[in-house]
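For reference, the structure discussed in these notes is given below.
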Amino acid sequence: MLERLGVGGRLSRGRSYARSGQIVSLDVDAGAVVALVQGTRPQPYRVRIGLGVWDKTQWRRVEQALAADAWYTAALLSGTVPPEIEELLDGLELSLFPAAGADLSQDCSCPDHTVPCKHLAAVFYVLAERCDTDPFTLLTLRGRDRDTLLERLRAERDSGAGPSGPAGPAPLADLLDSFWEGAAGSAPPRPPDTEPGAVLDQVPEPSLRSGGGRLTDALRPVYRALAHPDA
């Protein structure tokens, strides 16, 4: 995303600053990232990166759409932001990411007139890493921190409200035939892009042997056959 906005090529300017601990503080709040970056002067420079916040009407639409699909709600309540959320937001004509460089405001108190300067680049670098480890960072920038969003989704689910208004839960007996089916129009979760036997690389090698070879090597064909029974 940063490459598309013309910022990515300058991240290397700030990488050394970020890696050497020059960022004194970094706070993410609705609409802005504010950081203090230590430069060559005694006083740290103040860096601000701004991103537009969704208004109440837009957030209401987002919350209703998320709450209407149990899969999205379950993923968010478990602490993950599924990549498929961008498809849902596209249908609402919204996006977590800025569409153009003009959607981002960038400011640094240093005397360098280049935008982004190395202090801004350092903050972009750390912000990108934070978004990788905690995608809720983007939702916070758009106006809903993790706790607030999850609380609103729980309230939406508990009330049974959705885009069509309040609706009571259907009796379980009426849902038995479709219990294992996904919600209408919802995309099934994509399987992870891993080899069927990847789990064997995550466990200690057992002491048992298979014909003089490693047991995990003998098990790999079995895992492949289970993952692709029609192959």
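In this chain, residues are counted from 1 in sequence order.
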Are the side chains of [Y] and [X] in contact, using a 4.5 Å heavy-atom criterion?
| X | Y | value |
| --- | --- | --- |
| Gln38 | Gln43 | no |
| Val37 | Val24 | no |
| Asp27 | Val33 | no |
| Leu150 | Arg146 | yes |
| Glu84 | Trp71 | yes |
| Val28 | Leu26 | yes |
| Leu139 | Trp59 | yes |
| Ser25 | Leu36 | yes |

Looking at [atom1] of [X] and [atom2] of [Y], how far apart are the two atoms once the value is rounded to the nearest 0.5 Å?
| X | Y | atom1 | atom2 | answer |
| --- | --- | --- | --- | --- |
| Thr216 | Leu219 | OG1 | CG | 7.0 Å |
| Glu63 | Lys56 | CD | NZ | 11.5 Å |
| Asp55 | Arg61 | CG | CZ | 8.5 Å |
| Leu92 | Glu87 | CG | CD | 12.5 Å |
| Arg60 | Glu156 | CZ | CD | 4.0 Å |

Same apolar cluster (I L V M F W Y, side chains within < 4.5 Å links), Val34/Ile23: no
Same apolar cluster (I L V M F W Y, side chains within < 4.5 Å links), Leu149/Phe97: yes
Flag if over 12 foreign heavy atoms under 6.0 Å of CD, Glu86: yes
Qualifying residues under ring pair (Phe, Tyr, Trp, His ring centres under 6.0 Å), relative to Phe136, sequence neighbours excluded: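 Here no residue qualifies.
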Ion pair check, Arg46 and Asp107, cut-off under 4.0 Å: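 Answer for the salt bridge query: no.
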Presence of salt bridge, Glu129 and Arg19, under 4.0 angstrom: yes
Heavy-atom pair of closest approach, residues [X] and [Y]:
| X | Y | answer |
| --- | --- | --- |
| Leu104 | Ile49 | CD2-CG2, 4.1 Å |
| Arg142 | Val53 | O-CG1, 3.3 Å |
| Leu88 | Tyr72 | CD1-CE1, 3.6 Å |
| Arg41 | Pro111 | NH2-CG, 3.6 Å |
| Arg48 | Leu120 | O-CD2, 4.0 Å |
| Leu141 | Asp29 | CD2-O, 3.6 Å |

Stepwise side-chain contact (heavy atoms from CB on, under 4.5 Å) test for Leu94 and Trp54: CA-CA 9 Å; Leu94 296 171; Trp54 295 336; 3.9 Å; yes
With distance as the sole test, does [X] use its side chain to make a donor-acceptor pair with the main-chain N or O of [Y] at under 3.5 Å?
| X | Y | result |
| --- | --- | --- |
| Ser20 | Ser16 | yes |
| Ser78 | Ala75 | yes |
| Thr73 | Leu66 | yes |

Leu153/Leu76 under side-chain contact (heavy atoms from CB on, under 4.5 Å): CA gap, chis, key distance, verdict: CA-CA 9 Å; Leu153 289 181; Leu76 290 165; 3.5 Å; yes
Parallel, tilted or perpendicular: rings of Tyr45 and His119 (30°, 60°): tilted
Chi angles and distances behind the side-chain contact (heavy atoms from CB on, under 4.5 Å) call for Leu89, Ser95: CA-CA 6 Å; Leu89 294 174; Ser95 174; 5.7 Å; no
